[in-house]
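No hydrogens, no waters, no symmetry mates; every other heavy atom, side chains included, goes into these values. Counting convention: from 1, in listed order, for ligands and their atoms alike. Position 1 is the first residue of the sequence, and the numbers go up from there.
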Amino acid sequence: MERSLVGDLKSLPDGNSVVVKGWAQEIRSLKNLVFVVLRDSTGMVQATFKRDNFPDMDMLSNLSRESVINVEGKLNLKSKSKTGVEIEATGFTVLNVSESPLPLGIIDPVEADFETRLNNRFLDLRKPAKASIFRIKSSLIWGIREYLHRQNFVEVQTPKIVAAATEGGSDLFPVKYFEKEAYLNQSPQLYKEILISSGIDRVFEVGPAFRAEEHNTVRHLNEFTSVDIEMAFSDHNGAMTMLENSVKNGIESVLKASSKDLETLGLKIEIPKVPFPRISYEECRNIASANGVEIPFGEDLSVEALKFIGEKFHDFYFIVDWPSSLRPFYTMPNEKDPRYTNSYDLQYREKEITSGAQRVHNPDILKKRFIEKGLKAENFEFYIKAFKYGMPPHAGWGLGLERLLMILLDLPNIREGTLFPRDRTRIVP
Ligand code: ATP
Ligand code: MN
């Protein structure tokens with residue numbers, strides 16, 4: 001007989017013969033009965049075994065928790081058991097025995113510390129509320145991808161082992177590449193732009209980005225998922241519209257495909273209204289100043305300043321027109337006042353979700369920007385070359401997928417939304 005998923009049992013006729021497969025989450029032995037709570041990826045069901053019908057009942061009643069079993073039986077939809085549906089078992093098979101004790105309890109009322117959970121992530125993810133986070137992440141990226149496809153973006157894959165640092169800087173992981181020194185890429189920026197010169201016009205990539213940042217915070221990983229776009233014949237305004245709609249479509253996809261998982265997490269989320277407010281860097285400085293936090297021109301908005309700004313604008317908003325000193329060399333200077341740039345960050349309250357900008361497309365300005373930023377242009381010849389033979393004006397952004405997930409689900413730590421996080425001290429599992 002074919003396997004039924006626990007979540008589908010309610011829609012089958014009462015009294016039907018069924019087979020379910022999953023983990024023995026709880027086993028309770030009474031004098032004449034044994035109850036097993038079986039869990040699969042879709043839910044839990046109680047199976048009831050009458051001892052009289054099973055000569056080998058001791059094998060089941062002594063079975064260790066989290067063993068994998070197969071249960072056959074008759075469906076009872078009128079059950080008063082806590083799982084609502086019950087299976088009156090007619091047979092069972094043990095498919096694989098679990099060792100005990102478990103390094104991490106699945107149904108312990110007190111949650112284990114985060115380190116223990118991450119060290120035993122496969123068990124941690126057996127808890128429905130933990131698995132739900134990753135189903136939602138899947139729906140979220142699906143919605144973003146779907147929107148970008150509809151806007152005629154081509155999904156691309158660019159190298160993660162590279163010879164030059166995207167933004168210079170020291171936040172790089174070196175790798176030995178035969179007789180050469182190479183790095184893990186911080187961002188697909190340079191490759192996205194080269195592809196704009198190829199005439200593909202609109203590209204996006206979902207892939208890992210590596211940052212050798214020493215700090216250990218609740219919103220930084222050393223490897224995260226970057227969602228990047230680059231679009232030709234557009235500017236920062238066009239790219240911002242694409243961003244807010246991508247985020248909105250991602251959230252709509254979560255609501256459509258993952259409503260059960262949101263319920264499991266006890267969360268209600270709303271579809272954000274677009275367009276998101278646009279606030280300039282200078283306005284942000286003024287708001288900070290009005291709250292007693294002085295940000296000198298050209299310096300980054302501090303966490304403290306962003307708290308006040310976030311309180312004022314709520315949820316999603318853009319900070320636009322950043323000063324040149326704070327943005328990478330490839331950022332387009334503002335045509336009226338080159339102290340500023342055509343750049344933006346997408347924020348959710350005090351947290352940064354995305355950085356983006358119109359990019360420089362003139363190779364001479366680009367070379368000037370390299371010098372201003374103290375970078376060696378010769379390391380970037382492969383990149384500059386793509387600007388010399390007809391590079392269209394273009395713009396784009398890079399969004400941290402785990403950051404977006406974190407704010408959407410109000411996760412206390414970005415690692416909660418990362419299956420196997422990489423941080424200052426963790427590379428296993
Ligand atoms: P932050 O200032 O928040 O550390 P950043 O300005 O250094 O970020 P960008 O280079 O602008 O980061 O990267 C684009 C996006 O990628 C960020 O807006 C953020 O969502 C995400 N991101 C950047 N660094 C990390 C990281 N270490 N861990 C997780 N996500 C990150
Ligand atoms: Mn940024």
Side-chain angles (χ1 to χ4, degrees), residues 137 140-141 144 165-173 183-190 192-193 204-230 236 239-240 243-244 246-247 250 276 281 284 295 299-307 309-310 316-331 341-357 359 373 395-409 411-427:
K137 191 176 183 179
L140 180 64
I141 191 60
I144 294 174
T166 308
E167 310 194 4
S170 55
D171 298 338
L172 287 164
F173 287 111
Y183 304 99
L184 294 179
N185 211 356
Q186 298 165 295
S187 143
Q189 183 62 33
L190 306 184
K192 285 192 298 179
E193 292 195 71
F204 81 99
E205 179 165 11
V206 179
F210 304 91
R211 305 273 167 104
E213 293 159 336
E214 289 265 355
H215 53 231
N216 223 349
T217 79
V218 295
R219 62 195 169 87
H220 288 96
L221 297 160
N222 292 108
E223 175 178 352
F224 67 94
T225 311
S226 188
V227 184
D228 273 87
I229 79 153
E230 207 63 37
H236 48 302
M240 276 192 275
L243 176 56
E244 58 201 358
S246 297
V247 168
F276 301 152
Y281 168 81
C284 289
I295 307 283
E299 275 182 31
D300 210 352
L301 302 170
S302 61
V303 176
E304 203 192 359
L306 286 168
K307 282 235 161 75
I309 299 155
F316 291 108
Y317 62 97
F318 284 107
I319 301 178
V320 301
D321 303 336
W322 288 82
S324 188
S325 57
L326 291 175
R327 304 305 273 205
F329 65 85
Y330 49 78
T331 311
T341 55
N342 291 348
S343 63
Y344 54 89
D345 276 5
L346 176 63
Q347 298 277 136
Y348 187 92
R349 301 190 188 149
E350 78 287 353
K351 289 197 185 70
E352 177 189 326
I353 310 297
T354 314
S355 281
R359 324 296 191 185
K373 294 280 173 185
W397 40 260
L399 171 147
L401 181 61
E402 287 82 13
R403 284 271 176 96
L404 180 59
L405 184 70
M406 183 185 184
I407 59 95
L408 201 62
L409 304 185
L411 302 175
N413 189 324
I414 195 165
R415 293 164 184 76
E416 292 280 1
T418 314
L419 285 169
F420 302 103
R422 294 293 175 255
D423 64 26
R424 185 68 188 81
T425 52
R426 180 176 287 279
I427 43 169

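- Within the listing of ligand 1, atoms 29 (C) sit less than 4.0 angstrom from a heavy atom of I414.
- Using a 4.0 Å cut-off to heavy atoms of S355, the atoms of ligand 1 that qualify are 11 (O), 18 (O).
- Ligand 1 has no N or O atom lying under 3.5 Å from any N or O atom of L399, backbone or side chain.
- Here H220 contributes atom NE2 and E214 contributes atom CD; the two are 13.0 Å apart, rounded to the nearest 0.5 Å.
- Put simply, the side chain of V303 does not reach to within 4.5 Å of the side chain of L306, judged on heavy atoms.
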#### Entry: Worked verdict on F318 versus Y344 for ring pair (Phe, Tyr, Trp, His ring centres under 6.0 Å)
CA-CA 6 Å; F318 284 107; Y344 54 89; 5.7 Å; yes
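- Around the Mn ion (ligand 2), protein atoms of type N, O or S found under 2.8 Å number 2.
- In this structure, T225 and I141 have side chains that are not in contact, with every pair of non-hydrogen atoms separated by 4.5 Å or more.
- Note on ligand 1: E352 sits in its first shell, one or more heavy atoms being nearer than 4.0 Å.
- The protein heavy-atom contact nearest to atom 28 (N) of ligand 1 is L221 N, 2.9 Å.
- In this structure, G398 counts as a contact residue of ligand 1, since one of its heavy atoms falls inside 4.0 Å of the ligand.
- Here the straight-line distance linking atom NZ of K192 with atom CH2 of W397 works out to 8.5 Å at 0.5 Å rounding.
- Nearest heavy atom pair, residue L221 against residue E213, reads O-OE1, 4.3 Å.
- From the protein, the heavy atom lying nearest to atom 4 (O) of ligand 1 is H220 NE2, 2.5 Å.
- The G400 neighbourhood of ligand 1 comprises atoms 15 (C), 16 (O), 20 (O), 21 (C), with distances under 4.0 Å to a heavy atom of that residue.
- In this structure, CH2 on W322 lies 9.5 Å from OG1 on T341, to the nearest 0.5 angstrom.
- The nearest protein atom to atom 16 (O) of ligand 1, hydrogens excluded, is given as F224 CE1, 3.3 Å; this is a heavy-atom distance.
- Distance check, rounded to the nearest 0.5 Å: OH of Y330 to CD of Q189 gives 4.0 Å.
- Inter-residue side-chain proximity for T331 and N342 is flagged as unmet; no heavy-atom pair is nearer than 4.5 Å.
- Contact of the M240 side chain with the T354 side chain is not registered, since no non-hydrogen atoms from C-beta on lie closer than 4.5 Å.
- For atom 9 (P) of ligand 1, the closest non-hydrogen atom on the protein side is R211 NH1, 3.6 Å.
- Contact annotation: the side chain of H236 never approaches that of V320 to less than 4.5 Å [non-hydrogen atoms, C-beta and beyond].
- Heavy-atom contacts of E213 reach the following atoms of ligand 1: 27 (N) (cutoff under 4.0 Å).
- A distance of 10.5 Å separates CG in L326 from OG in S355, rounded to the nearest 0.5 Å.
- Summary of contacts: the protein heavy atom closest to atom 3 (O) of ligand 1 is R403 NH1, 2.9 Å.
- Using a distance-only test at 3.5 Å, with no hydrogens or angles considered, a donor-acceptor pair links the side chain of K137 to the main chain of G417.
- By the criterion of a heavy-atom distance under 4.0 Å, both the backbone and the side chain of R219 are placed next to ligand 1.
- Shortest contact from atom 20 (O) of ligand 1 to any protein heavy atom: I353 O, 2.7 Å.
- Near T354, meaning under 4.0 Å from any of its heavy atoms, are these atoms of ligand 1: 18 (O).
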